[in-house]
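Let me begin by presenting the structure, written as structure tokens, before commenting on it.
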Amino acid sequence: MAQHHKGERRLVQSRVPEEVHAQVAALAAQCGLPVSQYVADLVCLHVGRPDLVRDLGRAPEPEGLPLAM
């Protein structure tokens, strides 16, 4: 499935200890995000650019149709 354009970006690669990766992957999964997007959003927050955060902290899209009252 095609994804929306996320703007100008540059690849950053890093090797982290296995234990850290396991924790980051678990946290990303809890947020419903891929690890790379989770880490990208954390880096944006770390350098003081919350305006560039794409997905972290956003509520997940509700599934299904709203109930009628």
Side-chain angles (χ1 to χ4, degrees):
M1 188 161 89
Q3 295 184 2
H4 63 282
H5 181 63
K6 294 183 178 181
E8 294 297 320
R9 294 185 161 234
R10 184 171 296 235
L11 176 65
V12 176
Q13 292 180 320
S14 179
R15 297 192 184 276
V16 297
E18 289 288 334
E19 297 85 0
V20 172
H21 184 273
Q23 288 178 302
V24 170
L27 291 168
Q30 288 176 7
C31 295
L33 297 174
V35 171
S36 60
Q37 185 60 55
Y38 180 79
V39 171
D41 284 352
L42 287 178
V43 171
C44 289
L45 291 171
H46 184 74
V47 300
R49 291 298 307 268
D51 58 305
L52 297 176
V53 172
R54 298 288 305 184
D55 299 308
L56 189 60
R58 292 188 183 183
E61 294 292 323
E63 294 183 20
L65 298 172
L67 297 175
M69 297 194 117

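In what follows, residues are counted from 1 in the order of the sequence shown.
- For Val20, the side-chain contact (heavy atoms from CB on, under 4.5 Å) test picks out Val16, Pro17, Val24, with sequence neighbours left out.
- When hydrophobic side chains of Ile, Leu, Val, Met, Phe, Trp and Tyr are connected at separations under 4.5 Å, Val47 ends up as a singleton with no cluster partners.
- Within the structure, side chain to side chain donor-acceptor pair (under 3.5 Å) pairs that include any residue of residues 15-24 do not occur (at least two apart or interchain).
- Hydrophobic side-chain contacts under 4.5 Å tie Val12 to no other Ile, Leu, Val, Met, Phe, Trp or Tyr residue.
- Cluster membership for Val53 and Val35, using ILVMFWY side-chain heavy atoms within less than 4.5 angstrom, is shared.
- Cluster partners of Leu11, using a side-chain heavy-atom cutoff of under 4.5 Å among ILVMFWY residues and allowing indirect links: none.
- Note on residues 33-54: pairs passing side chain to side chain donor-acceptor pair (under 3.5 Å), not counting sequence neighbours, are His4-Arg54, Lys6-Gln37, Gln37-Asp41, Arg49-Asp51.
- Linking ILVMFWY side-chain heavy atoms closer than 4.5 Å, directly or via other members, places Leu27 and Leu42 in a single hydrophobic cluster.
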